Amino acid sequence: MPYGLKNEDFDKIQNEIVRKLYEIPNLDRPAFLVECTEKELREAMSELRKIPKSKGKIEAIERELRNRGML
């Protein structure tokens with residue numbers, strides 16, 4: 001079940017990273033994002049900007065990119 005998103009909106013998401021971010025709890029995001037490539041993170045961020053209630057997820061991606069020195 002997606003956190004903070006209606007099932008019909010969740011079903012429309014094509015990006016697997018974004019889907020996973022809506023499925024996992026906040027505390028598990030950093031560990032998940034460490035495994036993603038820069039390209040995957042940037043594509044996910046673009047997709048998240050189109051979805052309401054994504055601020056926390058965007059911030060998590062930005063924090064990961066900053067930690068890598070890529071933002």
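Since we're looking at a predicted model, the values are computed, not measured.
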Problem - SG on C36 to CG on L21, rounded to 0.5 Å - result: 7.5 Å
Practice task
Carefully, step by step, assess K55 and I58 under the rule side-chain contact (heavy atoms from CB on, under 4.5 Å).
Solution key: CA-CA 5 Å; K55 183 179 179 187; I58 291 170; 5.9 Å; no
Practice task
Sequence neighbours left out, what passes side chain to side chain contact (heavy atoms under 4.5 Å, CB included) with P25? Give chain and number order.
Solution key: Y3, D28
Exercise for the section: List the atom of S54, the atom of Y22, and the distance in Å for their closest heavy-atom pair. Expected result: OG-OH, 2.6 Å
Exercise for the section: Report the distance from atom CG of N26 to atom CZ of R29, rounding to the nearest 0.5 Å. Expected result: 4.0 Å
Problem - Lys/Arg-Asp/Glu bridge criterion (N-O < 4.0 Å) met for E38, R42 - result: yes
Practice task
Go through the structure and list residues passing side chain to side chain contact (heavy atoms under 4.5 Å, CB included) with N15, not counting sequence neighbours.
Solution key: I17, V18, E43, A44, E47
Practice task
Look at E64 together with R68 and state whether they make a salt bridge at an N to O cut-off of under 4.0 Å.
Solution key: yes
Practice task
Output the distance between atom CG (L33) and atom CD1 (I24), rounded to the nearest 0.5 Å.
Solution key: 6.5 Å
Exercise for the section: For K57 and I51, run side-chain contact (heavy atoms from CB on, under 4.5 Å): C-alpha distance rounded to whole Å, both residues' side-chain angles, the deciding distance at 0.1 Å, then the answer. Expected result: CA-CA 11 Å; K57 292 157 191 63; I51 302 170; over 6 Å; no
Handout entry: Any donor-acceptor pair under 3.5 Å from E40 side chain to T37 backbone
Key = yes
Exercise for the section: Look at the side chain of R19 and the backbone N and O of I13, then say whether any donor-acceptor pair between them is shorter than 3.5 Å. Expected result: yes
